[in-house]
Number of protein chains: 2
Amino acid sequence: MKIISSEDHRKHFPKGELFGGEFVRPFECPERWEHIVNRLKVCGFDDFAAPDPLDWAPVRKIHTGPFLEFLKNAWAMWEAEGFNGEAVPTVFAARRMQQREPNHIDGKLGYFSMALETAITAGTWEAAQASAAIAQTGQRLISAGAQTAFSLCRPPGHHAASDLYGGYCFLNNAAIAAQGYLDAGAKRVAILDPDFHHGNGTQDIFYARGDVLFVSLHGDPMDAFPHFLGFADETGSGPGEGFNVNYPLPPGTPYSVWGDALNQGLERIRNYSPDVLIISLGVDTYENDPISFFKLKSDDFTDYGARIAGVGLPTHFVMEGGYAVEEIGTNTVNVLQGYLGA
Amino acid sequence: MKIISSEDHRKHFPKGELFGGEFVRPFECPERWEHIVNRLKVCGFDDFAAPDPLDWAPVRKIHTGPFLEFLKNAWAMWEAEGFNGEAVPTVFAARRMQQREPNHIDGKLGYFSMALETAITAGTWEAAQASAAIAQTGQRLISAGAQTAFSLCRPPGHHAASDLYGGYCFLNNAAIAAQGYLDAGAKRVAILDPDFHHGNGTQDIFYARGDVLFVSLHGDPMDAFPHFLGFADETGSGPGEGFNVNYPLPPGTPYSVWGDALNQGLERIRNYSPDVLIISLGVDTYENDPISFFKLKSDDFTDYGARIAGVGLPTHFVMEGGYAVEEIGTNTVNVLQGYLGA
């Protein structure tokens, strides 16, 4: 299995994450990447590759022009204001307010975001582009005939919508890969999102499209971030009706229950008969994850990797979340080993 | 002129305000109140009164039940989570997301807010209720025949909508007073909002109503907080069409230009012929205000107080913003003295 990876992720590492009313060291941190790489090496994965340069064509089909322009300029605009901290929004376009992009960076930050645990820093935009290129490079390998690949993306992507960032995500790596498959000739793409958090960005991007099936297992938004998307009654709209499938699950969900939802989701994917399956691979379903509430044990990750293999599709793993830093390597590699039958 | 005031405002004083990516001492602080009270005394105002107990009937016509329930319980729910900081939201119901109130306090905070410069603390709800009672008590005096009154509210109110807090505001004191006038028999109420920031909450509350005319002069939302409401094309809807009047003004606006907009606004109020005029009195239009960009000098406040008097209506001053703490007393009392012709 080819692993696509880059040290460029280090360019994004805010000093602070707003959590519980104070700035704490971000849960989404560079060590996450290091633990995964180390564990991959220990387990004999040695086929590492750097990403190709980013192809902007699929990126521009996923994200709006003003949003990309904002991400590119946000740090410089923030710095020009002379603020002391890292760039976080403070005011939002709440319900019944205007959805118009303001001139001032304070307004732009709120206009283009849905959460503020992740600050924008000097290197954020470069890291986000590298992460998208990592997803794209995996896509090109599979479009060219590989059966699988692992895009070790950081920052993650599934919370980013066409014009919204948040939840540690800026560009939606999995969505950009999905668009790449379609542009390379695929007719149908399925995305399975087993990350603990609902992939609100991915859902939103493909909500009215029938060429991408989105299936997500996640903490019930009534109780879990991102709180405002991921309900079971969100099934798609227009040509996308029926192609969005959410399994919101309650606090304390064990693998037995989670696995049943996974089986249902995999059955939906089988019936859709896609050309390729993307896995938005978050391992924050782990029982000791510090910001999540499912109860999966490390062996369960191996088991569900095997179940994914059972669907028999070309499968592209794209890294998303997971914040139990010590165990993130084990749990991530367990999924890959389970998939490979290793 | 009766001054309605209470020491209960001190119960709301967060340690930190999120500004420029870090927590700073809040611009909206108890000393604001002290400087106004001191200046009032220096200038011979001595008719101070405590507020009557809050009458919930008009409050419930302005704010939704779930919002009031949230404000009442937010601090206890936050504390129960064991967070270290004061209560601030981190995730928002951005565009295309669901407008459903989540169970978890993190979700509730975002669902019920439009900004996060103001933390919720142990005493916030009590202070907000006292502030609303101060507005209501002034309203009762004028409904009973007084020509004027000054409700020295803190926290302020004009950014609070029926179900949204933010911008230092929790309950919309001016809107609660307006509802009180109507409930006491008034047929038409006008609210003039000369605070530097657009009174998005007040506008939103009365946007579809013809019994309250809302006129606001403020920093253009393209450049100024609250960024997502306060545009000139927002004129009201349904029975409220024509009863919302915004004068967004650019950075650096001097009194000559601001005063022209004020004259136009006062003309609109005259033509409406209301039973009473509420002034959402913010003095952050002052040239040295730390978070605003108009260029009014202290004498200009006296001048515009006189212009307000020229309309010849019973006039209820309700305190809103103003963050040049040293000068807030002078500028506020200048408006009152200008009004009284003192």
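A note on names: the letters A, B, ... follow the listed sequences, proteins ahead of strands, and every chain is numbered from 1.
- Contacts between B:Ala93 and chain A at a heavy-atom distance below 4.5 Å involve backbone atoms as well as side-chain atoms.
- Both the backbone and the side chain of A:Tyr111 come within contact range of chain B, each with at least one heavy atom under 4.5 Å from a heavy atom of that chain.
- Between the CZ atom in A:Phe23 and the CG atom in B:Leu18 there is a gap of 5.0 Å [rounded to 0.5 Å].
- By the 4.5 Å heavy-atom criterion applied to side chains, B:Ser162 and A:Arg96 are counted as neighbours.
- Note that CD of A:Glu22 and NZ of B:Lys15 are 10.0 Å apart. Values are rounded to the nearest 0.5 Å.
- For a residue to count as touching a neighbouring chain, one of its non-hydrogen atoms must lie under 4.5 Å from one of that chain's; by this rule A:Ala161 touches chain B with the side chain only.
- Between the CZ atom of A:Phe92 and the CG atom of B:Leu116 there is a distance of 6.0 Å, given to the nearest 0.5 Å.
- Put simply, NE2 on A:His227 and CG on B:Leu109 are 9.5 Å apart, with the number rounded to the nearest 0.5 Å.
- With a 6.0 Å radius and a threshold of 12 heavy atoms from other residues, nucleotides or ligands, A:Glu81 has its CD atom above the threshold.
- To the nearest 0.5 Å, atom CZ of residue B:Arg95 and atom CG of residue A:Leu164 are 4.5 Å apart.
- When every heavy atom of A:Ser113 is checked against every heavy atom of B:Ala94, the shortest pair comes out as O-CB, 4.1 Å.
- In this structure, the separation between CG on A:Asp106 and CD on B:Glu117 is 10.0 Å, given to the nearest 0.5 Å.
- Looking only at heavy-atom pairs under 4.5 Å with chain B, the residue among A:Lys108, A:Gln203, A:Glu234 that has the most is A:Glu234.
- Screening A:Gln99, A:Arg100, A:Met97, A:Glu101 against B:Phe228 for a side chain to side chain contact (heavy atoms under 4.5 Å, CB included) leaves a single residue, A:Met97.
- Proximity to chain B is absent for every atom of A:Asp220, based on heavy atoms less than 4.5 angstrom apart.
- Ranking A:Ile105, A:Val88, A:Thr90 against chain B, the residue ahead of the rest is A:Thr90, based on heavy-atom pairs under 4.5 Å.
- Considering only heavy-atom pairs separated by less than 4.5 Å from chain A, the leading option among B:Asp163, B:Leu229, B:Asn200, B:Asp223 is B:Asp163.
- Contact count versus chain B (heavy atoms, under 4.5 Å) is highest, among A:Ala87, A:Ala224, A:Ala115, for A:Ala115.
- Residues B:Pro221 and A:Pro102 share a closest heavy-atom pair of O-CB, 4.1 Å.
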